[in-house]
Structures are given as structure tokens and as C-alpha cells.
Amino acid sequence: LTGAAKLVVVIAIFLLTFYVISQVFEIKMDANLGHIFARSALDAAARSTKPPRYKCGISKACPEKHFAFKMSSGAANVVGPKICVEDNVLMSGVKNNVGRGINMALVNGKTGEPLDTKFFDMWGGDVAPFIEFLKSIQDGTIVLMATYDDGATKLNEEARKLIAELGSTSITNLGFRDNWVFCGGKGIKTKSPFEQHIKNNKDTNKYEGWPEVVEMEGCIPQKQD
């Protein structure tokens, strides 16, 4: 009887110990799972409240078969212009590929792939290379232009006509130190809706001798066959 009683006591202690341990383990598991689920809920809430980012940082997503773009003119003669297409910064002061005058980026109208970037000094340079470059642009090419410092002094009637054929309406009025951004295309049949122009006016200029920066964003329709 004594041995049986001891066995019963040992079994009871074992079962009690097992029960206590299992209860503690379950409580810890519940606490850990609760922490995990709470953290997941907070992360999900944070993601849902964070505004989405679209290509080139534009304000809304472009529809299918459109290319996102954003661009800005230069700021006085200090900060160069910036041109971005499909989240690819094509020209900027950081890339060190901008300069005084008219800055240009060419993009394939079907694929959105960059083709070329150049700038032409319209203050102290020669307009002839600019005209030759404009003439060499192939049909179906997207053309983006932005001024920096002065983009108009050396422009002549031929250069302005070639830019107008790309869809620009403001090029005929572009003057000394005006700020201007434009997106058009070679072979375009209508005037481009993508153009911003601010006149150099000493009474309204934001910077001494230069107007404020002009910015523009939008969605360029993909060229169809």
C-alpha cells in the first residue's frame, strides 16, 4: 500500500506539473501570437495610409499604353533643368548632362526607351547645330525640351518653325530668359497639350533677372502602328 500510495502521489505531481507548464506555455504562445497579429495589423494600416508613388513622382498613375513624364525648367542660372520619363531621369544637374540654352531629350515613341540627350547654348553658341539636330529627329520620336538660363537669344525663324512642327505653340513667343518646358513629337498632327511658358518680367520675376521655375507632368500616349 505504501508503494502504491507513493506511485499515486508521484503520478499526481507529474500531472499537476505538466498541467501548469502547459498552461504557462499556452499563455505565452497566445501573447506572442497576439503581438504578431497586432504588429501585422499596424503594418497593414501604415501601408494603407502611405500614399502610393507613381513613376517620376507624378500625382497619379498613367493609363495603359501611356508613358509617364515629369520635367522642370532651370532655376535662373543656378540649378539646371530636369527631365524624367518612365521613372528614368534622362537629364539633370546631378547627372551633369544639362547646360545653358535649350536642353533636349529624345525618347522612342513606341517603347519609351531613351534615344539621346543634348543641350544647345542659345546665348553664346551657334544655332546651326541645333537646327541640324532638329532636322535629324526621326518620325515617331517623343521630344522633350527645357530652358536653362537663356534659351532664346540665338533662335532664328527656321529653328522656331522646326520646333513648332513638333507641336509647340509658345515657341514663336519665347524670349530672352523666359522659362519654358515642352513635350511634343516628330510627325505630330496636332498641337501638343504639354507646354508651359513663363515670360521674363522684372515686375513679376521670382529670381533677379529670371522668372520662376516651370514644372509639368503628364502621360504621353504610346505611338501606335
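The basis for the numbers below is simple: all heavy atoms, side chains too, and nothing from hydrogens, waters or symmetry mates.
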Counting distance only, does the side-chain N/O of Lys154 pair as donor-acceptor with the main-chain N or O of Gly125 below 3.5 Å? yes
To the nearest 0.5 Å, atom OG of Ser170 lies from atom CD1 of Ile198 at 11.0 Å
Say whether Val143 and Ile163 are linked into one hydrophobic cluster, either directly or through other cluster members, by side-chain heavy-atom distances under 4.5 angstrom. yes
Please determine whether side-chain hydrogen bond (donor to acceptor under 3.5 Å, both in side chains) holds for the pair Thr153 and Asp150, giving the CA-CA distance in whole Å, both sets of side-chain angles, and the decisive distance to 0.1 Å. CA-CA 7 Å; Thr153 297; Asp150 172 45; 2.5 Å; yes
For the side chain of Asn205 and the backbone of Asn201, is there at least one donor-acceptor N/O pair under 3.5 Å apart? yes
Verify the neighbour count for atom NZ of Lys118: are there more than 12 heavy atoms of other residues, nucleotides or ligands below 6.0 Å? no
Suppose we screen for salt bridge (Lys or Arg N to Asp or Glu O under 4.0 Å). Which residues come up paired with Glu165, at least two apart in sequence or across chains? Lys161
So Leu144 and Val107, side chain to side chain contact (heavy atoms under 4.5 Å, CB included) or not? Walk me through it. CA-CA 8 Å; Leu144 302 102; Val107 174; 4.0 Å; yes
Euclidean distance, Asn77 CG relative to Asp149 CG, rounded to 0.5 Å: 5.0 Å
Would you mind listing the cluster partners of Phe176? Hydrophobic ones only (ILVMFWY), side-chain contacts under 4.5 Å, chaining allowed. Trp123
Within one Ile-Leu-Val-Met-Phe-Trp-Tyr cluster: Leu174 and Val127, side-chain cutoff 4.5 Å: yes
Pairing residues for Phe194 by the ring-ring contact (aromatic ring centres under 6.0 Å, His included) criterion, not counting sequence neighbours: Phe69
Heavy-atom side-chain proximity of Ser168 to Ser192 below 4.5 angstrom: no
My understanding is that only one of Ile171, Leu166, Val214 makes a side chain to side chain contact (heavy atoms under 4.5 Å, CB included) with Phe182; could you say which? Leu166
Set of side chain to side chain contact (heavy atoms under 4.5 Å, CB included) partners for Thr172, sequence neighbours left out: none
Heavy atoms of Asn88 and Pro114 approach each other most closely as ND2-CG, 3.7 Å
Lys55: salt bridge (Lys or Arg N to Asp or Glu O under 4.0 Å) partners, not counting sequence neighbours: Glu86
Can you list everything that forms a salt bridge (Lys or Arg N to Asp or Glu O under 4.0 Å) with Asp116? Sequence neighbours excluded, please. none
Distance from Thr147 atom OG1 to Asn103 atom CG, nearest 0.5 Å? 8.5 Å
Between Arg177 (side chain) and Ala152 (backbone), is there a donor-acceptor pair under 3.5 Å? no
Could you list all the salt bridge (Lys or Arg N to Asp or Glu O under 4.0 Å) pairs where at least one residue sits in residues 125-147, not counting sequence neighbours? Lys135-Glu158
With sequence neighbours excluded, give me every salt bridge (Lys or Arg N to Asp or Glu O under 4.0 Å) pair touching residues 95-109. Arg100-Asp121
Please tell me if the side chains of Val85 and Met71 come closer than 4.5 Å, counting only heavy atoms from C-beta onward. no
Ignoring hydrogens and geometry, is there a side-chain-to-backbone donor-acceptor pair from Lys199 to Asn173 under 3.5 Å? yes
Going by heavy atoms in the side chains, are Lys82 and Val89 under 4.5 Å from each other? yes
What residue among Gln196, His197, Glu195 forms side-chain hydrogen bond (donor to acceptor under 3.5 Å, both in side chains) with Trp180? Glu195
Partners meeting side chain to side chain contact (heavy atoms under 4.5 Å, CB included) with Gln224 (sequence neighbours left out): Lys65, Gln222
Euclidean distance, Cys183 SG relative to Met145 CE, rounded to 0.5 Å: 10.0 Å
Is it the case that one hydrophobic cluster holds both Ile142 and Leu90, taking links as side-chain heavy atoms less than 4.5 Å apart, direct or via other members? yes
Same apolar cluster (I L V M F W Y, side chains within < 4.5 Å links), Ile58/Ile83: no
Measuring from atom SG of Cys62 to atom CD of Glu217, what distance do you get when rounded to the nearest 0.5 angstrom? 8.5 Å
Lys/Arg-Asp/Glu bridge criterion (N-O < 4.0 Å) met for Asp87, Lys70: no
Interatomic spacing from OG in Ser73 to CD in Glu215 - rounded to 0.5 Å: 8.0 Å
Selection residues 83-121 - residue pairs positive for ring-ring contact (aromatic ring centres under 6.0 Å, His included), sequence neighbours left out: Phe120-Phe130, Phe120-Phe133
Run through the side-chain heavy atoms of Ile, Leu, Val, Met, Phe, Trp and Tyr, join any pair under 4.5 Å, and report what else lands in Tyr207's cluster. Trp210, Val213
Connected via hydrophobic side-chain network under 4.5 Å: Leu155 and Leu162: yes
Set of salt bridge (Lys or Arg N to Asp or Glu O under 4.0 Å) partners for Lys191, sequence neighbours left out: none
Could you check whether any side-chain N or O of Lys186 sits under 3.5 Å from a backbone N or O of Thr141, counting only pairs where one atom can act as donor and the other as acceptor? no
